[in-house]
Amino acid sequence: MKSYFIITFGCQMNEHDSEVLAGMLEAIGYTPADSIDAATIVLLNTCCVRETAENKVFSLLGRLRRQKLENPDLIIGVCGCMPQQENMAAHITHLFSHVDLIFGTHNAHQLPELLNRVANSKKTVQEIWTGARGIYEGHPVKRKDGVRAWVTITYGCNNFCTYCIVPFVRGRERSRKQEDITSEVAGLVAEGYKEIVLLGQNVNSYGKDLACNHDFASLLQCLEGINGLERIRYMTSHPRDFNDKLISTIAGLRKVCEHFHLPVQAGSNRILKKMNRGYTREHYLGLIKKIRSNVPQSNITTDIMVGFPGENGNDFSDTMDLVRQARFDSAYTFIYNTRPGTPAADMEEQVPEAVKKDRIQALIRLQNEISLEKNIEEIGRCQDVLVEGESKKKPGFLHGRNRGNKIVLFPSDRDLRGEIVRVRITECQMAHLSGQIVETLK
Ligand code: SAH
Ligand code: SF4
Ligand code: F3S
């Protein structure tokens with residue numbers, strides 16, 4: 001019996017790549033294993049956006065050494081973003097000789113062929129293209145969730161924010177054809193999915209590399225027309241490319257949810273410039289204002305980084321001030337981490353770790369207060385919740401998401417998975433809302 005276990009690190013894009021890897025493995029006769037120990041192949045789909053992500057992979061590879069000794073037939077593979085970095089594959093094979101296969105982000109479609117090579121080779125099989133050679137369509141995909149499905153619309157990134165490794169490991173931006181995306185979504189709806197999440201490092205630049213004049217707004221309009229599809233989400237947006245046409249398109253489309261994830265990264269114009277983000281704090285705050293006036297009750301979330309090289313006390317105050325003004329519903333906060341090969345790695349004035357820690361703690365405290373206040377504002381409102389299943393946190397409760405993407409819990413003993421119900425919000429915590437069901441809509 002051939003069985004697989006995939007461990008995924010990093011962003012949704014990587015999570016979705018793992019669904020494609022699983023689909024390919026199942027197509028050649030593998031079944032999902034219940035645990036690492038039970039698998040005949042273990043794949044680590046890696047992330048290198050911060051060092052912490054890489055360290056997790058190294059420690060897992062260390063632990064797998066024993067499993068390989070006990071079971072020499074076990075196949076251990078490393079794929080995803082880490083191997084795309086220069087010399088990383090050599091580093092991995094040097095430290096972990098029990099790894100059988102290493103392949104990059106541009107080589108995932110070759111997995112079945114690579115496994116044949118592993119079967120006939122005593123050495124680690126490596127296949128890492130430095131750039132993409134086209135888009136591969138039509139792979140079998142094994143999705144986990146039955147309510148929400150991820151659909152890639154663009155691969156790669158052209159932005160080269162100076163701190164970021166992603167453009168180096170994912171290659172240049174490539175858009176899938178609108179027809180390919182719409183037919184995939186129509187197929188998912190036929191399978192019973194209610195919500196799709198369109199994925200790309202910068203979804204707003206969708207279509208720029210296509211010969212036709214399709215753009216992100218036209219893609220949303222096209223998907224809105226698919227019968228049976230209830231909700232459309234997308235991530236990630238770039239504040240520089242989120243234009244008025246897109247705001248008014250989104251405001252006019254019922255299925256596109258009122259959730260805007262707009263990574264700001266920093267609140268100081270000086271730092272934003274050094275990051276090569278292509279916008280100012282004034283532009284960003286103006287954008288949020290426009291979104292809130294065109295799309296009432298929208299949920300606005302962000303990514304923020306502290307400790308970028310050269311960030312001084314005033315720059316950090318600008319970030320805190322922007323957070324107070326923007327009043328994000330929630331934020332992912334990060335300590336800047338040097339990524340070898342990126343322009344920021346060579347910048348002077350790297351911020352001491354202790355300063356970075358103080359800043360992130362202050363930022364998290366502030367954002368937590370705001371997140372709770374924003375959730376308190378939701379109490380008393382009736383919201384449409386797409387039910388995902390039973391709550392693991394609270395027995396007897398179901399959980400789902402409102403249109404803004406916040407998690408909502410409510411008591412029910414009915415099987416409402418995949419249904420949209422109206423819930424009146426009665427309580428909240430920082431990370432979720434709770435309420436009582438008012439009516440079942442679908
Ligand atoms: N394409 C998306 C996501 C990129 S990675 C975007 O443009 O927002 C997700 C987040 O990781 C980024 O938004 C950024 O806040 C953070 N990040 C990227 N590189 C980092 C680094 N070197 N150190 C710390 N955080 C980083
Ligand atoms: Fe990285 Fe910037 Fe591209 Fe996002 S937009 S993936 S932060 S380079
Ligand atoms: Fe990480 Fe690669 Fe995503 S570096 S954040 S898994 S694109």
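The figures here come from the full heavy-atom set of this structure, side chains too, leaving out hydrogens, waters and symmetry mates. Counting starts at 1 for both ligands and their atoms, in listed order.
- Near M305, meaning under 4.0 Å from any of its heavy atoms, are these atoms of ligand 1: 14 (C), 15 (O), 17 (N), 25 (N), 26 (C).
- Aromatic ring orientation, H98 versus F96: perpendicular (interplanar angle above 60°, classes split at 30° and 60°).
- Within the structure, ligand 3 lacks Q12 among the residues with a heavy atom less than 4.0 angstrom away.
- The protein heavy-atom contact nearest to atom 26 (C) of ligand 1 is R50 NH1, 3.3 Å.
- Residue contacts with ligand 1 do not include N202, since none of its heavy atoms lies under 4.0 Å from the ligand.
- Residues Y206 and Q178 have side chains that never bring a donor and an acceptor to within less than 3.5 angstrom of each other.
- Only the backbone of F160 comes within 4.0 Å of ligand 2, judged by heavy-atom distances.
- For the pair I335 and ligand 1, a heavy-atom separation below 4.0 Å is found.
- Scanning all heavy atoms of the two residues, the minimum distance from V169 to H106 falls at O-NE2, 4.4 Å.
- Contact annotation: for Y163 versus ligand 1, heavy atoms closer than 4.0 Å belong to both the backbone and the side chain.
- Among all non-hydrogen protein atoms, the one lying nearest atom 2 (Fe) of ligand 3 is C81 SG, 2.3 Å.
- Of all protein heavy atoms, the one closest to atom 3 (Fe) of ligand 3 is C11 SG, 2.3 Å.
- For atom 4 (S) of ligand 3, the nearest protein heavy atom (residue, atom name, distance) is C48 N, 3.4 Å.
- N159 ND2, 3.3 Å is the protein heavy atom nearest to atom 5 (S) of ligand 2.
- Only the side chain of P167 comes within 4.0 Å of ligand 2, judged by heavy-atom distances.
- Counting heavy atoms closer than 4.0 Å to ligand 1, residue H238 contributes nothing at all.
- Using cut-offs of 30° and 60° for the angle between ring planes, the H91 and F58 rings count as perpendicular.
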CA sep, side-chain torsions, deciding dist, call: F216, Y234, ring-ring contact (aromatic ring centres under 6.0 Å, His included): CA-CA 10 Å; F216 187 53; Y234 49 91; 5.3 Å; yes

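- Annotation: atom 22 (N) of ligand 1 to nearest protein heavy atom, N337 O, 2.8 Å.
- Heavy atoms of T236 found under 4.0 angstrom from ligand 1 belong exclusively to the side chain.
- For atom 3 (Fe) of ligand 2, the set of nearby N, O or S atoms under 2.8 Å includes one belonging to C157.
- Contacts between M13 and ligand 3 below 4.0 angstrom, taking non-hydrogen atoms only, are absent altogether.
- Among all non-hydrogen protein atoms, the one lying nearest atom 9 (C) of ligand 1 is D303 OD2, 3.8 Å.
- For the residue pair Q67/N71, the side-chain donor-acceptor check at 3.5 Å is not satisfied.
- Using 4.0 Å as the threshold, R277 has a heavy atom nearer than that to some atom of ligand 2.
- Regarding atom 1 (Fe) of ligand 2, its nearest protein heavy-atom neighbour is C164 SG, 2.3 Å.
- Residue C47 counts as close to atom 1 (Fe) of ligand 3, with an N, O or S atom under 2.8 Å.
- Nearest protein neighbour of atom 1 (N) of ligand 1, counting heavy atoms only, is Q201 OE1, 2.7 Å.
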